[in-house]
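Lettering follows sequence order; numbering is per chain, from 1.
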Amino acid sequence: MTDGKEQDREDIATVQSVLSGNRNAFRQLVLKYQPAVSAVGRRTLRGQEELGDFVQDVFVKAYTHLDQFSGKGRFKAWLMQIAYTTAINRNRRSIPEIPTDPELLEQLWYSPREREPDRVTERSVLWEAIVTAIRDLPGHLALSVELFFVLQLRYPEIAEMTGVPVNTLKSHVRRARRVLQQRLGHSLLENQDEM
Amino acid sequence: MKCSAVRRSLLELDHDEALPPGAAEHLRACARCRRLAESIRGTESRLSAEGPVEVELVDSVMARIAAADRPPHRRPLLGGWFVGGLLLAVGMVAVRQSPTFRYLLAGVLGARVDLAVTTAIAVGLVGYLAAFALTRARKDSPSEP
């Protein structure tokens with residue numbers, strides 16, 4: 001298993017290989033990031049029937065504009081930004097309102113094959129906590145918090161993608177984490193003993 | 001560092017971000033805060049959407065790329081532009097200094113030849129500069145193509 005930085009270096013090497021004319025190397029990137037691109041599509045598109053077409057569009061755009069990836073940031077974040085912009089363009093520049101049903105939100109983020117019954121139950125508890133924390137937020141801010149947890153994107157990457165300021169995002173992530181940990185029984189967050 | 005400050009750091013921490021030195025030290029001594037840190041990490045790994053890969057979808061992406069048969073753009077390097085410009089400039093000087101050009105210039109149509117060559121050089125220069133500006137002006141950012 002490789003760590004995050006090693007994976008980022010691998011991605012950059014793959015991009016360079018594609019740019020040198022090895023088109024087939026791009027397949028490695030598609031294999032690696034198709035689940036994440038599909039997840040963004042399921043969560044953000046209004047019509048789910050166009051999901052396959054959306055995923056193809058995102059990767060074809062990434063491929064044909066690969067030289068615009070500077071290599072300074074992560075390839076994953078660059079690709080997710082293409083996915084996000086493609087999705088909101090398809091939705092006529094709007095983000096669907098956050099579903100208030102945690103189960104529905106969970107179904108949107110994960111593919112049917114990721115939803116084994118026991119895992120669903122375990123994750124449902126977590127989604128209930130997240131929905132509690134983000135329920136009243138505007139669509140793009142709620143989505144930003146979800147992107148943080150589900151796609152493991154970093155604060156500056158999400159800020160660049162959605163336009164939400166880093167500090168705003170940070171405070172909502174803190175809130176969501178607090179609710180999550182309280183639901184998991186962490187009395188620590190109730191503030192008693194101090195060291 | 002106090003527990004409350006460490007908890008705040010833990011709740012705000014970015015992915016792959018290191019804890020402030022004081023907080024890391026505190027975690028070594030405080031089992032309760034350490035449990036919270038572990039719980040945050042464990043919880044978030046369960047939320048991550050990482051698979052499984054849909055191979056048919058991957059195949060269709062690659063088929064579309066192959067069908068388009070369009071290699072990714074590759075922006076020429078700055079050095080390439082410099083060498084190109086230098087060659088163009090040397091070529092222009094060489095044309096004007098060539099014996100053939102001097103011979104034509106001295107002939108009956110000298111003024112017209114001079115005008116035609118000067119115009120061609122100017123058009124070439126403007127075209128080259130415009131191509132350079134257009135290529136470099138493309139944003140080097142992750143915005144959607």
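Using a cut-off of 4.0 Å between Lys/Arg side-chain N and Asp/Glu carboxylate O, A:R9 and A:E6 are scored as salt-bridged. A salt bridge does not link B:R64 with B:D59: every distance from a Lys NZ or Arg NE/NH1/NH2 to an Asp or Glu carboxylate oxygen is 4.0 Å or more. A salt bridge is absent between A:E157 and A:K76: the closest approach of a Lys/Arg side-chain nitrogen to an acidic carboxylate oxygen does not fall below 4.0 angstrom.
Both the backbone and the side chain of B:I40 come within contact range of chain A, with heavy atoms under 4.5 Å apart. Interface remark: A:S171 contributes no atoms to any contact with chain B (heavy atom separation under 4.5 Å). When heavy atoms are compared at a cutoff of 4.5 Å, B:D14 approaches chain A by way of both its backbone and its side chain. Looking at B:L13, the atoms closer than 4.5 Å to chain A (heavy atoms on both sides) sit in the backbone and in the side chain alike. There is no contact between A:Y33 and chain B, counting heavy-atom distances below 4.5 Å. Contact of A:L180 with chain B is made through the side chain alone, with heavy-atom distances under 4.5 Å. In this structure, no portion of A:L169 lies under 4.5 Å from any heavy atom of chain B.
Per-residue counts of heavy-atom pairs under 4.5 Å with chain B were compared for A:K170, A:M161, A:Q152, A:K32; the largest is that of A:Q152. For chain B, the option among A:N24, A:V173, A:V30 with the highest count of heavy-atom pairs below 4.5 Å is A:V30. In terms of heavy-atom pairs under 4.5 angstrom with chain B, the leader among A:A36, A:S38, A:P35, A:P156 is A:P35.
Taking all atoms of both residues into account, the shortest heavy-atom contact from A:F75 to A:D11 is CB-CB, 3.9 Å.
Side-chain atoms of B:S48 never come within 3.5 Å of backbone atoms of B:S45 as a donor-acceptor pair (strictly under, hydrogens ignored). Of the possible donor and acceptor atoms, none in the side chain of B:H26 sits under 3.5 Å from a partner among the backbone N and O of B:G22.
Residues B:E44 and A:F148 form a side-chain contact, since some pair of their non-hydrogen atoms from C-beta on lies under 4.5 Å apart.
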